[in-house]
**Q** 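Got a structure for you, written out below as structure tokens; questions coming shortly.
Labels below follow one simple rule: chain letters A, B, ... track the order of the sequence lines, proteins then strands, and each chain is numbered from 1.
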Amino acid sequence: MELCDRPKNTNVRISLPAVCIVWQTAMIILFGVFIRYNEESDTHWIEQRKAKNISSDVENDFYYRYPSFQDVHVMIFVGFGFLMTFLKRYSFGAVGYNFLIASFGLQWALLMQGWFHSLDYSDGKIKIGIENMINADFCVAGCLIAYGAVLGKVSAVQLLVMTLFGITLFAVEEYIILDLIHARDAGGSMVIHTFGAYYGLSISWMLYRPNLNQSDRLQGSVYHSDVFAMIGTLFLWMFWPSFNSAVTDHGDGQHRAALNTYLALASTVLTTVAISSLFQKHGKLDMVHIQNSTLAGGVAVGTAAEFMLMPYGSLIVGFCCGIISTLGYVYLTPFMEKHLKIQDTCGIHNLHAMPGVIGGIVGAITAATATESVYGVEGLRNTFDFDGDFKDTVPTRQGGLQAAALCVAICFGVGGGILVGCILRLPIWGDPADDNCFDDEPYWELPDEEEAIPPILQYNNHMRNKDM
Amino acid sequence: MELCDRPKNTNVRISLPAVCIVWQTAMIILFGVFIRYNEESDTHWIEQRKAKNISSDVENDFYYRYPSFQDVHVMIFVGFGFLMTFLKRYSFGAVGYNFLIASFGLQWALLMQGWFHSLDYSDGKIKIGIENMINADFCVAGCLIAYGAVLGKVSAVQLLVMTLFGITLFAVEEYIILDLIHARDAGGSMVIHTFGAYYGLSISWMLYRPNLNQSDRLQGSVYHSDVFAMIGTLFLWMFWPSFNSAVTDHGDGQHRAALNTYLALASTVLTTVAISSLFQKHGKLDMVHIQNSTLAGGVAVGTAAEFMLMPYGSLIVGFCCGIISTLGYVYLTPFMEKHLKIQDTCGIHNLHAMPGVIGGIVGAITAATATESVYGVEGLRNTFDFDGDFKDTVPTRQGGLQAAALCVAICFGVGGGILVGCILRLPIWGDPADDNCFDDEPYWELPDEEEAIPPILQYNNHMRNKDM
Amino acid sequence: MELCDRPKNTNVRISLPAVCIVWQTAMIILFGVFIRYNEESDTHWIEQRKAKNISSDVENDFYYRYPSFQDVHVMIFVGFGFLMTFLKRYSFGAVGYNFLIASFGLQWALLMQGWFHSLDYSDGKIKIGIENMINADFCVAGCLIAYGAVLGKVSAVQLLVMTLFGITLFAVEEYIILDLIHARDAGGSMVIHTFGAYYGLSISWMLYRPNLNQSDRLQGSVYHSDVFAMIGTLFLWMFWPSFNSAVTDHGDGQHRAALNTYLALASTVLTTVAISSLFQKHGKLDMVHIQNSTLAGGVAVGTAAEFMLMPYGSLIVGFCCGIISTLGYVYLTPFMEKHLKIQDTCGIHNLHAMPGVIGGIVGAITAATATESVYGVEGLRNTFDFDGDFKDTVPTRQGGLQAAALCVAICFGVGGGILVGCILRLPIWGDPADDNCFDDEPYWELPDEEEAIPPILQYNNHMRNKDM
């Protein structure tokens with residue numbers, strides 16, 4: 001039997017509990033010191049409401065954003081989690097570690113983003129509510145994207161470290177892009193997807209495993225695991241309109257962002273199918289493409305979803321991204337592994353990096369070409385937030401700012417990834433050996449092998465054994 | 001090994017990409033010419049709001065309908081998609097083709113329904129918003145129902161053709177029923193389910209395969225595929241209240257439609273279980289019934305959900321439909337296959353056709369018996385939309401209109417299905433041979449056979465082989 | 001072949017259909033006599049709205065609560081249903097019986113809760129709307145929790161009986177706790193979880209099977225069934241904020257409850273992982289813990305979610321519950337089975353009973369320490385509903401009331417469970433033999449064995465057989 005001892009270093013019995021307990025304790029202390037309810041989630045709301053002459057409870061931001069929040073929440077935990085279950089023997093790790101790092105990440109994100117965006121200078125506290133919850137989930141999304149690149153090759157402790165730094169970098173990057181540069185990025189094409197993807201790819205590059213082919217037998221899918229992965233794909237796909245509209249302006253902003261995303265995603269599905277069929281023998285479809293490239297349109301329309309991209313504009317963006325993303329899986333992923341030494345388990349370069357960059361560019365162009373005749377005077381100011389320090393910004397300049405933001409996202413992703421990759425190369429994190437990758441066995445109690453036979457087969461085996 | 005060449009005609013390497021690219025390009029052009037944002041999703045909303053003295057952003061229809069839209073969206077993609085994964089070896093096709101045709105269908109539906117319902121005559125543009133998105137999803141539902149009848153027996157290209165014509169017929173039928181006849185059909189018992197089911201059944205009749213038993217080995221389920229199918233069942237069942245209430249009147253209309261549907265569905269589950277148990281040896285339950293007949297109540301309450309059907313009325317409708325639908329699976333499906341030459345893979349006749357017709361009749365009766373004492377003067381006018389050209393309609397007349405609408409739906413379904421069935425019999429669409437039906441193999445890259453063994457079994461096989 | 005006849009007593013061909021049909025008929029009659037639409041779901045709403053000068057349709061409670069309702073609905077049917085699919089050969093029973101008893105339970109709950117809470121004394125009718133639908137789902141949750149303790153060991157008829165009495169007891173207990181004692185319990189830590197868990201555990205104790213080890217071969221999971229169970233876990237986890245906030249006060253109440261639950265659950269995940277890893281050989285994680293203990297925080301924060309628990313308070317509650325719940329699985333479940341003769345299939349003592357009690361205690365402490373300086377004068381009155389007969393209640397007294405409520409919940413659970421357990425021991429309910437537990441075979445038509453082999457394996461078996 002192969003139940004021989006595994007290499008020692010995958011034992012995380014000390015490090016994993018230690019990290020979880022210590023970090024969670026730190027969260028409690030920091031939350032105790034810094035975090036309080038905001039006006040709308042505090043019991044004083046009823047008094048505030050009267051004082052501010054707000055006519056109805058329905059004006060509480062909760063009712064504008066909670067349905068979108070729940071959809072985003074599903075994307076983070078079921079969407080990302082199940083999308084990664086496609087490997088034949090890494091479903092526990094996919095969905096379980098996704099669960100773990102998202103749960104830690106959202107707490108750390110509430111703090112990090114809170115310090116930058118929600119600090120009440122009157123008392124030094126961060127005041128949180130529904131919008132912070134959505135933004136924390138967004139922040140986590142960046143780290144989950146990065147997880148896709150290293151899926152199956154790292155330990156839970158490494159993932160937690162990666163998340164700690166990822167969230168930190170994200171919050172700084174986001175602050176620079178949204179507040180200092182004053183770019184708009186509703187669905188996070190740049191802030192979330194471009195950053196997250198390059199962060200993950202750089203880490204994967206730093207952790208390059210020349211002998212990963214020793215795990216080849218485990219690097220594919222099985223029939224059922226591909227169906228599980230489709231659960232992830234579909235929940236991401238269906239709720240992406242909520243993702244891109246969750247923090248846009250009330251009213252037409254949310255309405256338009258949802259509509260644009262809905263259209264872009266529909267268009268992507270058709271071109272993904274077309275290219276997938278065109279590049280396979282006999283025109284057969286490849287589940288890898290269907291599971292991933294169909295989502296590229298949602299990524300690419302993230303920045304411009306709240307702009308007047310126009311319905312046909314959304315379709316065009318989706319059209320192009322379905323093609324580019326699928327071609328990426330066909331040509332680029334093998335090329336990157338062979339020549340650039342970047343092993344990208346889930347192909348996040350095709351699903352998040354390229355579409356993210358495209359999304360940033362589309363956003364820049366759409367912003368630069370915005371006119372008062374299309375947007376209306378007030379609509380233009382409203383959509384691009386041309387007020388306060390930025391009240392004299394003109395669309396062309398805004399286009400430049402958007403482009404600058406894209407560069408910042410890429411730099412933070414690549415730079416941060418290299419830095420964190422160095423840390424993760426330390427031999428203390430319990431990562432698996434090359435022939436042990438893509439395998440739940442080192443980190444999870446698996447059901448007994450004998451018992452693990454689908455019971456329906458036992459009869460067969462039984463009969464066969466008798467025959468023998 | 002059986003990896004011999006498949007029959008040539010399942011090769012869709014030219015036709016499938018061509019159809020996808022050309023049709024998607026056509027969509028982009030048509031959207032460019034015709035489709036624009038409506039008032040509530042346009043940046044001018046902020047000005048309109050002030051001009052019209054609308055007090056709050058929350059009055060944007062987005063907030064009334066978006067949660068229902070997302071539920072409907074889940075029904076379309078996860079609900080229908082996973083409901084059809086029950087076949088042991090057609091899960092990729094079930095969920096993948098469902099994804100493809102729904103994505104195309106919703107775009108074409110936005111155009112077709114737009115021309116009939118949302119055309120702005122001042123500039124010749126179709127103005128779309130959240131309600132159009134819901135209606136497009138509804139329109140797609142009709143085609144997905146039809147897919148259920150031909151599941152496993154057609155190629156992706158045939159499905160796209162079927163969807164193109166299905167959406168077109170749907171839009172015309174819907175216009176006749178809702179606008180010309182002025183029938184009410186909130187949940188689409190007639191417009192969606194009756195039409196969709198007869199459309200699919202007629203196509204299946206036209207595509208009758210006398211030697212389909214050559215695929216018998218693949219026509220059943222396996223344990224896991226039945227569990228996957230329950231995901232579809234449950235998401236359809238849970239979100240059906242949103243389906244039936246998504247486009248009803250704001251306020252009590254949506255409230256009542258959701259409540260009636262919730263009750264009808266609960267009732268259906270009990271009678272389905274009863275009949276399923278009663279007609280099996282030893283009282284065992286049959287997953288086919290649980291997966292399908294439990295939904296019949298939602299279909300049947302579609303038309304009357306917004307009327308004063310009364311809570312007990314909803315329970316009665318659900319009660320009857322659970323019985324009828326389950327009996328349909330026991331007696332009618334085999335009868336139809338043997339004597340009427342209609343091969344109905346998913347049993348849509350039991351889940352959509354019969355309950356749809358019942359729903360139409362229930363709607364007609366409920367409308368005909370509506371009184372001012374029950375509805376209130378304003379409530380009656382409001383619920384049945386007795387204004388404009390129809391302000392003199394009386395409930396009894398409305399009952400007649402509802403019945404007429406049901407006939408229109410059946411005629412469009414049968415007639416359209418026969419027509420489209422003829423087209424689909426052309427030998428150019430790449431459909432599978434009789435012994436190749438219900439099999440993903442001709443159309444999908446499947447995981448390698450050797451690798452496809454659940455790894456946990458490899459040890460066993462390994463041991464066994466050594467023993468031998 | 002082992003297709004020999006099963007013991008006679010699992011034949012439910014008469015009893016199951018009879019119970020379903022008779023009870024459903026009774027529901028129809030009772031609904032006909034008692035249940036009507038409430039003001040907001042009736043067509044008279046439009047007149048009422050004008051009469052009461054309600055400015056907008058959006059003030060209809062439907063819009064405040066429907067998104068939460070749908071989330072709760074998903075928890076009941078997909079969450080609980082799939083959480084219990086972890087057994088290798090009881091997935092049909094898990095998801096199917098869950099479906100059945102929830103569908104019956106919610107109807108009976110509408111009546112029982114209606115008589116206590118929504119009776120209109122002017123006409124003797126129960127008036128229902130969206131809040132009743134949520135409360136009916138809540139009521140059902142208690143019975144589904146109890147199902148977890150007896151999973152795999154009872155027949156559908158027993159489950160229906162258990163649900164009938166469970167709902168009845170629940171409604172009385174709830175009336176005592178919420179109305180007579182005037183305790184607050186937004187997320188039902190006491191009313192739902194404590195009651196439901198002790199109800200189930202007592203029944204399981206009454207139905208103790210000394211020879212259950214005869215089913216040992218079926219009492220574990222397989223790889224895929226654990227992934228299915230994670231679907232249940234995640235949908236429960238993600239939507240728990242909606243569960244705890246679904247019936248809280250409009251505005252800040254819902255907002256705060258969702259936020260507190262979100263935080264508590266995140267914290268629980270980290271400590272669950274820590275303890276799971278710490279207590280396994282090599283630090284491997286156990287899916288049983290990940291599937292269950294990660295939810296304990298949501299249970300424990302149920303009562304206090306609407307109070308000013310503070311974000312760090314929520315984290316602390318989650319922190320402790322993750323630890324306690326996981327330790328429960330490691331030590332307590334085996335102890336209870338061996339020494340207390342309580343066989344708890346899903347470990348509901350660890351997931352619902354202990355966290356529920358903790359939740360009650362946390363609620364009592366939080367209430368007792370509430371101050372006007374933290375809540376505001378109006379906020380305090382509003383949050384604890386200090387008006388009418390209870391307008392002179394002070395927080396310390398409220399703390400005592402909360403503690404009393406916890407005792408009531410435990411007493412009802414234990415007492416009711418023993419009573420119902422006696423009834424369920426009658427030899428007429430068709431329960432399975434000891435060596436037949438945890439098996440779908442006696443109650444479900446299973447896919448043909450030969451056909452049930454994942455087709456991909458057929459080649460292998462085929463080859464192997466040829467070799468032999």
Side-chain angles (χ1 to χ4, degrees), chain B residues 2 55 58-59 63-64 67 71 88-89 217-218 220-224 226-227 230 234 237-239 242 250-252 254-256 258-259 262 266-267 269-271 273-274 277-278 280 282-287 290 294 308 311-312 315-316 319 375-376 378-379 382-383 449 452-454 456 468, chain C residues 11-13 16-17 20-21 24 27-28 31-32 35 37 40-47 56-58 60 62-63 66-67 70 73-74 77-78 81 85 91-92 95-96 99-100 103-104 106-107 128-130 133 223-224 228 443-448 451-452 454-457 459-460 467-468:
Chain B
E2 300 198 17
S55 60
V58 88
E59 290 296 327
Y63 299 103
Y64 285 94
D71 294 348
K88 69 184 69 161
R89 204 176 158 71
R217 73 193 186 288
L218 294 171
S221 62
V222 286
Y223 197 74
H224 285 309
D226 270 327
V227 182
M230 280 305 291
L234 288 176
W237 194 93
M238 296 179 305
F239 289 160
S242 297
H250 291 177
D252 64 288
Q254 287 193 277
H255 202 146
R256 191 169 51 255
L259 179 53
Y262 171 82
S267 175
V269 175
L270 273 93
T271 51
V273 167
S277 176
L278 199 61
Q280 299 300 122
H282 293 106
K284 293 185 181 187
L285 297 173
D286 188 327
M287 275 306 249
I290 307 299
T294 49
M308 292 291 277
Y312 66 88
L315 291 184
I316 293 170
F319 187 95
Y375 284 73
E378 206 164 349
N382 207 38
T383 305
E449 284 166 25
I453 307 172
I456 220 98
M468 282 190 281
Chain C
N11 191 329
V12 290
R13 192 172 172 187
L16 182 57
C20 288
I21 295 288
Q24 185 58 53
M27 286 302 117
I28 291 174
F31 269 59
I35 295 203
Y37 302 117
E40 296 182 312
S41 59
D42 190 286
T43 42
H44 290 87
W45 159 252
I46 195 166
E47 291 159 12
S56 158
D57 275 329
V58 87
N60 193 307
F62 181 78
Y63 299 103
Y66 190 68
Q70 275 296 3
H73 216 40
V74 172
F77 289 90
V78 162
T85 57
S91 303
F92 289 8
V95 81
F99 195 13
L100 172 64
S103 297
F104 167 70
L106 65 86
Q107 298 176 55
I128 62 173
I130 184 71
M133 290 160 71
Y223 197 74
H224 284 309
F228 276 121
Y443 300 112
W444 295 84
E445 290 287 323
L446 296 184
D448 271 0
E451 295 294 316
I456 219 95
L457 282 176
Y459 295 107
N460 268 55
D467 292 353
M468 282 189 281

**Q** So which atom in C:F31 and which in B:P311 form the shortest heavy-atom distance, rounded to 0.1 Å?
**A**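 Looking at all heavy atoms of both residues, the shortest contact is CD2-CB, 3.9 Å.
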**Q** Contact part of B:T383 toward chain C, heavy-atom cut-off under 4.5 Å: side chain, backbone, both or neither?
**A**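 Looking at B:T383, just its side chain touches chain C.
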**Q** Out of C:F77, C:F99, C:Y66, which one racks up the most heavy-atom pairs below 4.5 Å with chain B?
**A**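 It is C:F99.
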**Q** The criterion is salt bridge (Lys or Arg N to Asp or Glu O under 4.0 Å); which residues satisfy it with B:E378, sequence neighbours excluded?
**A**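 Applying salt bridge (Lys or Arg N to Asp or Glu O under 4.0 Å) to B:E378 gives C:K50.
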**Q** Using a cut-off of under 4.5 Å on heavy-atom pairs, state which of B:L234, B:V269, B:D252, B:V227 scores highest against chain C.
**A**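 Highest number of pairs under 4.5 Å: B:D252.
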**Q** Are the side chains of C:Y443 and B:H282 in touch, meaning some heavy atoms are under 4.5 Å apart?
**A**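 Sidechains of B:H282 and C:Y443: no contact.
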**Q** Can you name the nearest heavy-atom pair linking B:S221 to C:P447, along with the distance?
**A**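 Heavy atoms only, the tightest pair is O-CB, 3.3 Å.
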**Q** Return the minimal non-hydrogen interatomic distance between B:M230 and B:M287, and the atom names on each side.
**A**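 Smallest heavy-atom distance, with atoms named: CG-CE, 3.5 Å.
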**Q** Should C:F104 and C:C20 count as side-chain neighbours, where that means a heavy-atom distance under 4.5 Å?
**A**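 Side-chain contact under 4.5 Å: no.
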**Q** Flag the one option from B:M238, B:Q254, B:E59 with the top tally of heavy-atom pairs under 4.5 Å to chain C.
**A**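 Among B:M238, B:Q254, B:E59, the one with the most close pairs to chain C is B:M238.
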**Q** Can you tell which of C:I128, C:V95, C:I35, C:V58 has the highest number of heavy-atom pairs within less than 4.5 Å of chain B?
**A**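 Result: the option with the highest number of such pairs is C:V58.
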**Q** Considering only heavy atoms, which portion of C:F228 lies under 4.5 Å from any heavy atom of chain B: side chain, backbone, both, or neither?
**A**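 Only the side chain of C:F228 comes within 4.5 Å of chain B.
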**Q** Using non-hydrogen atoms only, which part of C:Q107 is less than 4.5 Å away from chain B: side chain, backbone, both, or neither?
**A**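 Interface part for C:Q107: side chain.
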**Q** Given C:W45 and B:H250, is the ring pair (Phe, Tyr, Trp, His ring centres under 6.0 Å) satisfied, shown in steps?
**A** CA-CA 11 Å; C:W45 159 252; B:H250 291 177; over 10 Å; no
**Q** I'd like to verify something: which residue of C:I21, C:D42, C:T85 has the highest number of heavy-atom pairs under 4.5 Å with chain B?
**A**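 Counting heavy-atom pairs under 4.5 Å, the top option is C:D42.
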**Q** May I ask you to name which of B:P67, B:S277, B:S55 has the most heavy-atom pairs under 4.5 Å with chain C?
**A**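 Maximum pair count with chain C is reached by B:S277.
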**Q** With only heavy atoms counted, which part of C:Y63 is less than 4.5 Å from chain B, the side chain, the backbone, both or neither?
**A**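 When you check distances to chain B, only side chain atoms of C:Y63 fall under 4.5 Å.
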**Q** What residues, two or more places apart in sequence or in another chain, satisfy side-chain contact (heavy atoms from CB on, under 4.5 Å) together with B:N382?
**A**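 Residues passing side-chain contact (heavy atoms from CB on, under 4.5 Å) with B:N382: B:D249, C:I46.
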**Q** Can you tell me which portion of B:Y375 sits under 4.5 Å from chain C's heavy atoms? Options are side chain, backbone, both or neither.
**A**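 Both parts, backbone and side chain.
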**Q** Below 4.5 Å from any heavy atom of chain B, which atoms of C:N60 appear? Answer side chain, backbone, both or neither.
**A**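 Contact with chain B involves the side chain of C:N60 alone.
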